[in-house]
Amino acid sequence: MAKVERELILPSTKVSPINNDNPAVINIETSETLPVTKYDRNGCRKSASEVVSIARTAFNSCKTKNVAFRRQQLKNLLRMFDENAKALEDALKKDLGRPRQEASSFDVEFTKNDVITMLMHFEEWAKPEKPPKPLPNALDQICVYNDPYGVVLIISAWNFPITLLLGPLAGAIAGGNCVVIKPSEIAEATAQLIAELIPKYLDKECYQVYLGEVMETAELLKERFDYIFFTGSTTVGRIVHAAANKYLTPVTLELGGKSPAYIDKSVDMEMTVRRILWGKCSNAGQICIAPDYILCTKEVQDKFISIAAKVLKEWYGDDVESSPDYCRIISDKHYSRLNNFLADKKNIAIGGKSNAANRFIEPTILVNVNPNDSVMQEEIFGPILPIVIIENPHEAINFINAREKPLVIYVFTKSKTVKDMFANNTSSGNLSFNETLFHFTVDTLPFGGVGFSGMGSYHGKGSFDTFVHKKGTLERNFAAITEKCTAFRYPPYSESKTNRISIIMRPRRGISCKYLKPLLIFCLGVIVIIIIQLIYYHVTDKHLL
Amino acid sequence: MKTNAEIVATARKAFNSGRTKSLEFRERQLRNFLRLFEENTPEILKALSSDLRKSKQEAVMSETAFVVGECQTLLENFKTWARPERPSKGLVNIMDELLIYNDPYGVVLVIGAWNYPIQVTLLPVAAAIAAGNCVVIKPSELAPATAQLMADLVPKYLDNECYPVILGGPKETAELLEERFDYIFFTGSTRIGKLVHAAANKYLTPVTLELGGKSPVYLDSSADIDVAARRILWGKCLNAGQTCVAPDYLLCSKEVSEKFVEHARSILKEWYGDDVQKSPDLCRIINDNNFQRLTNLLKSSKESSKIVVGGKSDPQERFIQPTILTDVKQNDPIMQEEIFGPILPIVHVNDAQEAIKFINANEKPLALYIFSQNRNMTESILNSTSSGGVSVNDTVMHLAADTLPFGGVGSSGMGAYHGKYSFDTFVHKKSILVKDLGKLGEKLSYARYPPYSDSKLNYITRMLSARLPFSFKYVPYTIVFGLGVASAILLKIVANMYEKDKLH
């Protein structure tokens with residue numbers, strides 16, 4: 001989910017301060033001077049430390065702890081979507097050439113529904129939980145509070161600049177935090193729009209947008225946060241993790257990796273091709289969970305190719321470049337990175353065209369790819385789909401396990417045995433059978449990576465839980481009986497006290513209230529019938545039954 | 001002697017062999033783990049006595065019985081916990097299968113601390129075993145007798161390849177941290193915690209850090225001061241104050257402080273007699289470094305505050321008497337670091353509001369203790385402070401309730417464990433979406449494919465916002481209610497029939 005490898009390649013030499021009033025910002029790649037107003041907020045540019053200290057003061061005022069306040073903010077966020085859907089889609093078009101259908105369904109509508117889900121449930125989630133009591137705590141109250149962390153930093157990626165930014169934002173707001181929002185500078189139009197819109201809808205002190213490039217982001221990461229939520233590449237994720245070391249700030253890292261797709265011959269190939277190509281061509285493959293490469297046998301490969309050619313033609317016509325339904329690559333740098341994979345014209349079975357002028361890369365399928373080829377060495381993050389030949393599912397599993405744990409593994413098969421083999425013998429953030437991308441949309445499934453594909457997960461209740469600290473609380477009373485029951489712990493120690501401790505500490509099933517509620521409701525049912533009987537008898541002098 | 005790299009490679013190979021994924025294997029290991037305690041409790045108690053002069057009662061309560069209890073809970077429940085979860089489905093997924101697998105991470109490193117060397121080392125180990133990981137166990141070198149005992153005993157009871165013990169000091173630990181692990185569970189100080197976290201950066205290894213901090217007590221005048229004093233002093237004197245969740249300092253008004261000191265004097269006398277040093281029930285300080293650090297704190301406190309109880313120490317035995325200081329100021333040296341010894345400074349505050357301010361001006365503590373019978377005040381402190389955990393009207397005890405997550409926040413740590421939380425710490429929740437390749441499902445989601453159109457978009461928008469018209473939440477209750485109604489009716493009918501029979 002490469003945010004910016006260039007953050008690493010380029011040291012922080014971005015700004016050449018010509019004079020303090022009008023520092024020119026030069027984009028090193030294109031050598032163009034960017035208008036400095038890009039970083040202006042209401043004419044005055046706040047430093048990272050100012051932004052954070054405003055947020056901290058706001059958090060300390062406790063206003064975000066108020067559930068009604070959070071509700072209002074979430075409602076405002078929803079209103080922001082309703083009133084600006086068109087503007088958001090236009091910004092996405094500008095940044096990624098994204099067709100309206102993709103912009104609307106992946107970013108605007110999807111995130112809007114995230115916010116609606118949050119609004120529907122967060123008050124229930126925010127209530128203190130009452131876990132079952134262990135027996136020694138029979139006389140105590142125990143509960144788990146959902147404490148907001150404080151000031152949260154959300155750093156988002158450019159590939160879904162709205163979903164990956166405002167989805168977590170809804171969770172952080174619902175959790176009661178103040179948030180510093182850092183959109184990706186690479187999706188420039190969207191970042192700019194977010195910076196304009198957020199202050200119009202949300203509390204200006206609690207939720208601030210901070211714009212900036214490499215150097216500004218580095219400045220921001222020097223500040224103290226209570227939680228950092230990062231979406232982007234593994235390389236930058238590691239930089240964020242290192243910055244979090246200073247204050248031991250917990251982080252969620254939503255990273256990427258090479259997500260494989262295994263296909264066996266039992267499948268309905270037409271459907272499989274459509275689902276895989278849809279996952280690969282949406283957003284021109286610039287998706288952290290896009291299928292990165294295919295593992296299959298030679299026959300499956302041949303079948304796949306013949307159907308893929310037909311499907312792509314049906315979708316984009318004869319000239320893909322002129323189709324309005326296909327995205328462009330985000331930047332020149334990413335374009336040339338991808339174009340390099342196609343430079344030697346080797347193994348290209350379908351596609352292979354590109355156009356630097358509008359950063360167009362045709363959906364391309366490479367066949368019989370050698371695992372040592374350069375295209376197999378990094379996350380592709382573009383519409384190029386290599387096929388690596390394997391003989392059987394065992395070999396596919398070994399191939400996957402010999403590499404870093406991916407964010408998702410896709411398996412297309414009808415065989416239950418093969419499904420179980422993959423489920424039990426591979427490790428990945430998520431696993432999806434016979435479908436691509438859709439697991440992202442299921443909000444009862446935790447979404448997140450493992451190993452190099454990330455740490456932490458979110459979506460649905462997970463988005464709320466990510467941004468709260470679960471504070472275990474035990475409350476005891478001063479009653480004489482409580483004190484008597486626990487007095488054996490005090491010195492002077494003795495053998496009999498020690499024995500009592502061993503007995504008490506043996507685990508027993510606690511008093512679980514799990515079955516109490518159904519039992520009461522059952523009794524209620526019985527009582528209702530008895531009452532009806534009595535009333536009926538009283539009124540009519542006859543038995544109802 | 002095997003190198004670290006070899007030991008980790010052996011563990012990784014063992015993990016890759018898949019044997020720790022078998023629930024039967026895990027169960028056998030956990031049973032052996034329990035047998036280790038059954039057969040060696042006297043040796044363990046001896047080692048603890050040698051390292052910390054821990055008395056038998058404390059050792060049983062906070063080490064052996066504690067770990068055995070948690071291990072039994074694991075044995076009883078881990079198979080249920082390991083089963084794939086089936087989360088609820090929305091309308092859109094009605095035809096799909098949703099699963100969450102509990103995947104072991106792989107090779108886990110557990111680094112223990114010296115204050116409860118058995119508990120904080122072996123408790124996470126048991127949970128990591130239950131979760132199906134291989135575990136490299138690194139006991140703290142500062143409790144040498146216990147560390148050696150673990151190194152001797154663990155290989156006799158647990159699989160040697162899956163659960164190796166590595167001994168060593170800071171240098172060896174630093175070397176060990178260069179290896180690649182899939183999870184690191186660390187208990188210790190914030191300073192070392194940072195080093196562990198930094199080492200985890202290389203492979204982005206997730207970590208649980210169980211650290212410490214200055215855990216405050218607020219004592220309100222509404223509390224039963226005698227009982228409160230007992231509970232506070234117990235938390236402070238346990239293990240001679242060398243407890244991560246020990247109450248570090250006391251916040252209360254001047255009047256409450258006077259009453260507290262009065263009660264404290266008589267309680268300590270009742271517990272340890274006139275000559276505390278002679279009592280067998282008080283632990284010693286772990287080593288000369290820490291003893292020196294504590295006596296220095298005492299010395300510096302003599303100038304700025306009053307020692308009202310205790311104050312004696314003996315370097316020979318590393319004995320420090322339970323000591324109470326009053327009139328302590330926020331800037332005094334003793335208020336700058338976690339005390340981790342039997343010294344209790346009292347800082348005077350006028351009311352709960354002032355206490356809240358004081359607490360919030362410092363790092364988030366691992367534990368917070370509130371003694372008050374005023375429910376509103378308790379609630380307001382709970383809501384306006386942040387800490388790892390809280391006990392109201394007691395100390396340390398929230399750690400013992402295994403249905404509560406135990407862990408810090410901010411500089412007191414990250415991650416939590418105990419009970420099911422221990423198991424969950426060591427598994428990756430892998431969500432699985434299972435779709436079929438049926439025609440109907442394909443038709444319902446066909447609108448996603450290019451060429452795009454407005455009507456397709458409208459359809460998708462509708463699908464995205466589709467929600468079930470009602471919640472399934474109340475269905476079980478409705479059924480149970482219906483059952484109640486039905487059984488009452490049935491009973492009546494049966495009774496009627498019986499009566500008719502009798503009439504005939």
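Letters A, B, ... are given to chains in the order of the sequence lines, protein chains preceding strands, and every chain is numbered from 1. Quantities reported herein were computed from a predicted structural model and do not represent experimental measurements.
Contact annotation for A:C281: neither backbone nor side-chain heavy atoms come within less than 4.5 Å of a heavy atom of chain B. With a 4.5 angstrom heavy-atom cutoff, B:F66 touches chain A via backbone and side-chain atoms both. For B:A59, no part sits under 4.5 Å from any heavy atom of chain A, backbone or side chain. Contacts of A:K419 with chain B are made by side-chain atoms alone, with heavy-atom separations under 4.5 Å and no backbone atom involved. If you measure heavy-atom distances from A:N424 to chain B, the contacts under 4.5 Å come from both the backbone and the side chain. At a 4.5 Å heavy-atom cutoff, the contact between B:D224 and chain A is made by backbone and side-chain atoms alike. Heavy atoms closer than 4.5 Å to chain B are found nowhere in A:A480, neither backbone nor side chain. Heavy-atom distances place no part of B:S279 under 4.5 Å from chain A, backbone and side chain included. Interface remark: A:N137 contributes side-chain atoms only to the contact with chain B (heavy atom separation under 4.5 Å). Within the 4.5 angstrom heavy-atom criterion, atoms from both the backbone and the side chain of A:T117 approach chain B. A:F422 touches chain B through its backbone: at least one of N, CA, C or O sits under 4.5 Å from a heavy atom, while the side chain does not. With a threshold of 4.5 angstrom between heavy atoms, B:T403 approaches chain A through its backbone and through its side chain. The part of B:M414 that comes within reach of chain A is its side chain, from C-beta onward, which places non-hydrogen atoms under 4.5 angstrom from that chain. Contact annotation for A:S432: both backbone and side-chain heavy atoms come within less than 4.5 Å of a heavy atom of chain B. Looking at A:Y493, both its backbone and its side chain come within 4.5 Å of chain B, counting heavy atoms on both sides. Proximity to chain B (any heavy atom under 4.5 Å) is restricted, for A:H469, to the side chain, taken from C-beta onward. Interface remark: A:K65 contributes side-chain atoms only to the contact with chain B (heavy atom separation under 4.5 Å). For B:N93, the part sitting under 4.5 Å from any heavy atom of chain A is the side chain, from C-beta outward, and nothing else. Neither the backbone nor the side chain of A:S323 comes within contact range of chain B, judged by heavy atoms closer than 4.5 Å. Only the side chain of B:R375 comes within less than 4.5 Å of a heavy atom in chain A; its backbone stays farther off. Proximity to chain B is limited to the side chain of A:L253, based on heavy atoms less than 4.5 angstrom apart. When heavy atoms are compared at a cutoff of 4.5 Å, B:Y446 approaches chain A solely by way of its side chain, counted from C-beta outward. Only the side chain of A:I529 has a heavy atom closer than 4.5 Å to any heavy atom of chain B.
The pair A:E435-B:R448 meets the salt-bridge criterion, since a charged nitrogen lies less than 4.0 angstrom from a carboxylate oxygen. Of the charged side-chain nitrogens involved, none lies within less than 4.0 Å of a carboxylate oxygen, so that B:E58 and A:R489 do not count as a salt-bridged pair. Between A:K414 and B:D436, no side-chain nitrogen of the basic residue sits less than 4.0 Å from a carboxylate oxygen of the acidic one, so the salt-bridge criterion is not met. Taking 4.0 Å as the cut-off between side-chain N and carboxylate O, B:E363 and A:R224 count as a salt-bridged pair. Salt bridge status for B:R180 with A:E404: present, with a side-chain N to carboxylate O gap under 4.0 Å.
The aromatic rings of B:Y449 and A:W278 sit perpendicular, their planes meeting at an angle over 60°, well past the 30° parallel limit.
Annotation: side chain of A:E483 is in contact with side chain of B:R231 (closest heavy-atom distance under 4.5 Å). Taking 4.5 Å as the limit, every side-chain heavy atom of B:S391 sits out of range of all side-chain heavy atoms of A:R476. Side-chain contact between B:Y105 and A:S427 is absent, with no heavy atoms from C-beta onward closer than 4.5 Å. For the pair B:R86 and A:T444, the minimum side-chain heavy-atom distance is 4.5 Å or more. When side chains are defined from C-beta on, B:Y452 does not count as touching A:P324, because their heavy atoms never get closer than 4.5 Å. Residues A:V526 and B:L491 are not in side-chain contact: their nearest non-hydrogen atoms beyond the backbone lie 4.5 Å or more apart. B:K439 places a side-chain heavy atom less than 4.5 Å from the side chain of A:D268.
Using modelled atom types, one side-chain atom of B:K194 and one backbone atom of A:K246 make a donor-acceptor pair closer than 3.5 Å. Checking side-chain atoms of B:H197 against main-chain N and O of A:A242 turns up no donor-acceptor pair under 3.5 Å. A donor-acceptor pair under 3.5 Å is absent between the side-chain atoms of B:Q57 and the main chain of A:E495, judged by distance alone. Between the side chain of B:K430 and the backbone N or O of A:T426 there is at least one donor-acceptor pair closer than 3.5 Å.
In this structure, A:L474 CG and B:L399 CG are separated by 10.5 Å, a value rounded to the nearest 0.5 Å. Atom OG of A:S104 sits about 14.5 Å away from atom NZ of B:K456, to the nearest 0.5 Å. A:T441 contributes atom OG1, which lies 7.5 Å from atom CG of B:L433 (distance to the nearest 0.5 angstrom). Atom CD1 of B:I370 and atom CD of A:E475 lie 8.0 Å apart (nearest 0.5 Å). Rounding to the nearest 0.5 angstrom, the gap separating the OG1 atom in B:T461 from the NZ atom in A:K112 is 8.0 Å. If you take CG on A:D147 and CG on B:N383, they are separated by 7.5 Å, rounding to the nearest 0.5 Å.
A donor-acceptor pair shorter than 3.5 Å can be found between the side chains of A:N430 and B:S431.
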| query | Run the side chain to side chain contact (heavy atoms under 4.5 Å, CB included) check on A:L445 and B:I100 step by step: do they pass? | reply | CA-CA 7 Å; A:L445 288 180; B:I100 301 173; 4.0 Å; yes
